[in-house]
Amino acid sequence: VAEGLGLIRRIDEWVMQATCAQIQAWDLAGVPPIRVAVNISARWFGHPSFVDGVSRPLQSRHIPAHRLLLEITESAMLRLGDDTQRTMQTLDLLEIDVAIDDFGTGYSSLAYLQRFPADVIKVDRSFVTTLGQGGETIISAALSIGRSFGMKVVIEGVETELARRQLSAL
């Protein structure tokens, strides 16, 4: 609905500002530093003011870039084409990490892993729900691909001890 009304970019910008304010509040309260992941819409990611909209609240609140992880779905990255590559390169120069969310569910092209300097692959939870029915094969492949590119791999949806054990064996 927010995208249809043209409000998603403003919401994304507000979320970024609120996230940075919260990180700063935690720091001032003495909470041990954590990294916060923020989902980003394709519409904002592809906007010319995106990088400034991310870096400005980090700088104004004196938050190191490594405390933030931006998440964008692989299908959104592919839709944006060359703009994605330019944005990813700029974020990389600013040391702002990016995660490819829902990895394995879109029109996966392994070539884009080479073109876009992402830091994290987030394997979609749907593969965890199909452990024992082929999901482990896809997860194992994603782990191998991510590691070979020097990326961290996060597997979403690990909610049981059995799933944790099955995945630890990969």
Side-chain angles (χ1 to χ4, degrees), residues 1-109 111-129 142 146 149 151-159:
V1 172
E3 281 193 20
L5 294 172
L7 298 174
I8 195 67
R9 188 172 58 87
R10 289 186 194 146
I11 292 171
D12 280 341
E13 289 172 340
W14 177 84
V15 168
M16 183 60 58
Q17 291 171 9
T19 299
C20 290
Q22 186 61 64
I23 292 170
Q24 184 182 46
W26 286 332
D27 288 349
L28 292 172
V31 173
I34 61 168
R35 183 182 221 186
V36 178
V38 177
N39 287 307
I40 302 298
S41 71
R43 183 153 306 184
W44 191 36
F45 192 84
H47 194 273
S49 69
F50 172 72
V51 172
D52 186 54
V54 171
S55 61
R56 194 174 350 100
L58 286 171
Q59 292 170 353
S60 69
R61 295 191 180 270
H62 308 287
I63 298 169
H66 72 270
R67 300 280 302 281
L68 184 68
L69 176 65
L70 303 177
E71 297 183 1
I72 184 163
T73 62
E74 68 171 336
S75 57
M77 291 176 78
L78 291 173
R79 274 197 320 262
L80 295 170
D82 290 339
D83 290 337
T84 300
Q85 189 168 9
R86 282 190 292 277
T87 300
M88 295 284 284
Q89 288 170 340
T90 304
L91 292 171
D92 191 47
L93 289 172
L94 295 172
E95 299 180 355
I96 298 171
D97 288 347
V98 176
I100 302 170
D101 201 9
D102 298 338
F103 184 77
T105 61
Y107 299 104
S108 297
S109 168
Y112 79 85
L113 291 176
Q114 201 170 22
R115 287 179 46 213
F116 307 145
D119 305 283
V120 178
I121 293 175
K122 291 185 68 183
V123 178
D124 190 71
R125 69 186 320 107
S126 62
F127 302 114
V128 172
T129 62
F149 279 101
M151 299 174 174
K152 293 178 181 145
V153 179
V154 174
I155 303 169
E156 297 180 308
V158 180
E159 298 173 356

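Along the sequence shown, residues are numbered consecutively beginning with 1. Both backbone and side-chain heavy atoms feed into the values below; hydrogens, waters and symmetry mates do not.
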Item to check | Side chain Asp119, main chain Val98, donor-acceptor under 3.5 Å | outcome: yes
Checklist entry - Quick one: does Met16's side chain get under 4.5 Å of Leu70's, heavy atoms only? => result yes
Checklist entry - In terms of heavy-atom contacts, does CD of Gln22 have more than 12 from other residues, nucleotides or ligands at under 6.0 Å? => result yes
Item to check | Gap separating the NE2 atom of His47 from the CD1 atom of Ile40, nearest 0.5 angstrom | outcome: 13.5 Å
Checklist entry - Hey, mind stepping through Leu68 and Leu58 against side chain to side chain contact (heavy atoms under 4.5 Å, CB included) and telling me if it holds? => result CA-CA 9 Å; Leu68 184 68; Leu58 286 171; 3.9 Å; yes
Next on the checklist: Check whether Asp12 reaches the backbone of Ser41 with its side chain - one donor and one acceptor, N or O, closer than 3.5 Å.
Outcome noted: yes
Item to check | Shortest non-hydrogen separation from Ser55 to Leu94 and the atoms involved | outcome: CB-CD1, 4.3 Å
Checklist entry - CZ/Arg9 to OG/Ser49 distance, rounded to the nearest 0.5 angstrom? => result 5.0 Å
Checklist entry - Roughly how far apart are Thr87 OG1 and Asp92 CG, rounded to 0.5 Å? => result 12.5 Å
Item to check | Verdict with supporting geometry, Leu91 and Phe50, side chain to side chain contact (heavy atoms under 4.5 Å, CB included) | outcome: CA-CA 10 Å; Leu91 292 171; Phe50 172 72; 3.8 Å; yes
Item to check | Pairs flagged by salt bridge (charged side-chain N to carboxylate O under 4.0 Å, His left out) wherever residues 23-33 is involved - sequence neighbours left out | outcome: Asp27-Arg67
Checklist outcome for this item: To the nearest 0.5 Å, atom NZ of Lys122 lies from atom CG of Leu69 at 7.5 Å
Item to check | Residues Glu156, Asp102; criterion side chain to side chain contact (heavy atoms under 4.5 Å, CB included); working and verdict | outcome: CA-CA 9 Å; Glu156 297 180 308; Asp102 298 338; 4.0 Å; yes
Item to check | Atom of Val123, atom of Phe127 and distance for their closest heavy-atom approach | outcome: CG1-CD1, 3.7 Å
Checklist entry - If you draw a 6.0 Å radius around CZ in Arg35, do more than 12 non-hydrogen atoms from other residues or ligands fall strictly inside? => result yes
Checklist entry - Does anything in residues 43-53 pair up under salt bridge (charged side-chain N to carboxylate O under 4.0 Å, His left out), and if so which pairs, sequence neighbours excluded? => result Asp52-Arg56
Checklist entry - So how far is it from Thr73 OG1 to Asp124 CG, rounded to the nearest 0.5 Å? => result 10.5 Å
Checklist entry - Closest approach of Ile63 and Cys20, non-hydrogen atoms and distance? => result CD1-O, 3.1 Å
Next on the checklist: Working note: Trp44 + Ile8, criterion side chain to side chain contact (heavy atoms under 4.5 Å, CB included); need CA distance, chi angles, decisive distance, verdict.
Outcome noted: CA-CA 7 Å; Trp44 191 36; Ile8 195 67; over 6 Å; no
Checklist entry - Which residues pass the side chain to side chain contact (heavy atoms under 4.5 Å, CB included) test with Ile34, sequence neighbours left out? => result Trp26, Val36
Item to check | Nearest-0.5 Å distance, CE of residue Met88 to CG of residue Leu93 | outcome: 12.0 Å
